[in-house]
Amino acid sequence: MRIDKFLSDMGVATRKEAKDSAKRGGVQIDGVAVRDVSAHIDPERVTVSYLGRVVEYKPYVYVMLNKPEGYVSATEDSRLPVVTELLPEELRRRSLFPVGRLDRDTTGLMILTDNGKLAHALLSPRGHVRKVYSFSAAEPLRAGVEEEFRDGVVLADGYECKSAKITLDEVRTSGFITLTEGKYHQIKRMVASTGNKVTRLERVSFGEVTLDASLERGEWRYLTDSEIKTLTDALGV
Ligand code: URA
């Protein structure tokens, strides 16, 4: 990999900045200043420093985003804003994509990565990864939905949902739903099957990763190493 690409992929410098800094001795490979950032390195085998700091090699990037309403869970759309527009340029250059979809009007936890294998495993029904959603409904949910959800709701098109957990507040108009699958509009359709309507939907966790309360809607941060580990450990990838 070219040195300037490495530095820009790791998000520490643009290629232009890398080139300019290298001229002033700011880029070092194994402690030796390099002037030519078009040279190739094996980032697994050498230590790269930029402006005196070691740049850790991260082959994949994992990001948590607090998705606002109005954004499509995609990397491009001809008409509407997409979630990757909320990321800075250096991350967009790494071609991150969202792990699974949230509806345009759904908010909350979205994980983005460039690790296709992990994304695939997280979304596979065999992974049984639990996703928790906070929701509100137009009317109080009818008595017995807890058991109906546990036993597997049958949607209008005949699809039989896997066992899900629903917990409700006292007035039964809001609560949490935990799913281990992710069919199109699943929660909206599950609630619709009880003769009700979802009026607000937010994802609050994905596996062991919980939406960071300090992130405003539209804000993002890198997943911590321990968050990444909970995802990879659970799936054995
Ligand atoms: N279920 C839905 O209906 N919508 C979402 O965005 C996620 C789960």
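When a residue number appears, it is its place in the shown sequence, counting from 1. Just so it is clear, the model here is predicted, and its values are computed rather than measured.
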Quiz item: Among the clusters formed by ILVMFWY side chains lying less than 4.5 Å apart, do L51 and F6 turn up in the same one?
Solution: yes

Practice problem: Could you go through the side chain to side chain contact (heavy atoms under 4.5 Å, CB included) check for W220 and V83 one step at a time? | Solution: CA-CA 11 Å; W220 67 278; V83 286; over 6 Å; no

Quiz prompt | hydrophobic_cluster_shared for L96 and L215, side chain cutoff 4.5 Å | solution = no

Quiz item: Would one find more than 12 heavy atoms of other residues, nucleotides or ligands at under 6.0 Å from atom CD of E89?
Solution: yes

Exercise. Using a strict cut-off of less than 4.0 Å between a Lys/Arg side-chain nitrogen and an Asp/Glu carboxylate oxygen, indicate whether K188 and D105 qualify as a salt bridge.
Key: yes

Quiz item: Same hydrophobic cluster for L65 and V204, using side-chain heavy-atom links shorter than 4.5 Å among ILVMFWY?
Solution: no

Quiz item: When you check the side-chain N and O atoms of N196 and T194, is any donor under 3.5 Å from an acceptor?
Solution: no

Self-check item: Of L91, N115, L223, T113, the residue whose pairing with V61 passes side chain to side chain contact (heavy atoms under 4.5 Å, CB included)
Solution: L91

Quiz prompt | Note: E69-R200 ion pair, threshold 4.0 Å (strictly below) | solution = no

Self-check item: Chi angles and distances behind the side chain to side chain contact (heavy atoms under 4.5 Å, CB included) call for L231, Y62
Solution: CA-CA 11 Å; L231 296 174; Y62 306 89; 5.6 Å; no

Quiz item: What residues form a side-chain hydrogen bond (donor to acceptor under 3.5 Å, both in side chains) with Q28, not counting sequence neighbours?
Solution: none

Self-check item: Under 3.5 Å side-chain donor-acceptor pair for D169 and S174
Solution: yes

Self-check item: Salt-bridge criterion met for D20 and K16 (N-O under 4.0 Å)
Solution: yes

Self-check item: Qualifying residues under side chain to side chain contact (heavy atoms under 4.5 Å, CB included), relative to R130, sequence neighbours excluded
Solution: T178, T180, E208

Exercise. Any chance you could measure M64, atom CE, to E227, atom CD, to the nearest 0.5 Å?
Key: 4.5 Å

Practice problem: Following the transitive rule for hydrophobic clusters with a side-chain heavy-atom cut-off under 4.5 Å over Ile, Leu, Val, Met, Phe, Trp and Tyr, establish whether M190 and L201 coincide in one cluster. | Solution: yes

Self-check item: Rounded distance [0.5 Å steps], CD1 in I41 versus CD1 in I29
Solution: 4.5 Å

Practice problem: Please report the C-alpha distance between S95 and T75 in whole Å, then the side-chain angles of each, then the deciding distance to 0.1 Å, and finally whether the side chain to side chain contact (heavy atoms under 4.5 Å, CB included) criterion is met. | Solution: CA-CA 8 Å; S95 309; T75 54; over 6 Å; no

Exercise. Supply the atom-to-atom distance Q186 CD to I177 CD1, rounded to the nearest 0.5 angstrom.
Key: 9.5 Å

Quiz prompt | Spacing of S49 atom OG and D30 atom CG [to the nearest 0.5 Å] | solution = 8.5 Å

Quiz item: Could you go step by step and tell me if Y159 and E181 meet the side-chain hydrogen bond (donor to acceptor under 3.5 Å, both in side chains) rule?
Solution: CA-CA 12 Å; Y159 176 75; E181 55 182 343; 2.5 Å; yes

Self-check item: Set of side-chain hydrogen bond (donor to acceptor under 3.5 Å, both in side chains) partners for R101, sequence neighbours left out
Solution: none

Practice problem: Mark yes when over 12 heavy atoms from residues, nucleotides or ligands other than E147 sit less than 6.0 Å from its CD; otherwise mark no. | Solution: yes

Quiz item: Considering residues, nucleotides and ligands other than R221, do more than 12 of their heavy atoms fall under 6.0 Å from its CZ?
Solution: yes

Quiz item: What's the verdict on side chain to side chain contact (heavy atoms under 4.5 Å, CB included) for E17 and Y50, showing C-alpha distance, side-chain angles and the deciding distance?
Solution: CA-CA 10 Å; E17 286 164 350; Y50 182 71; 3.9 Å; yes

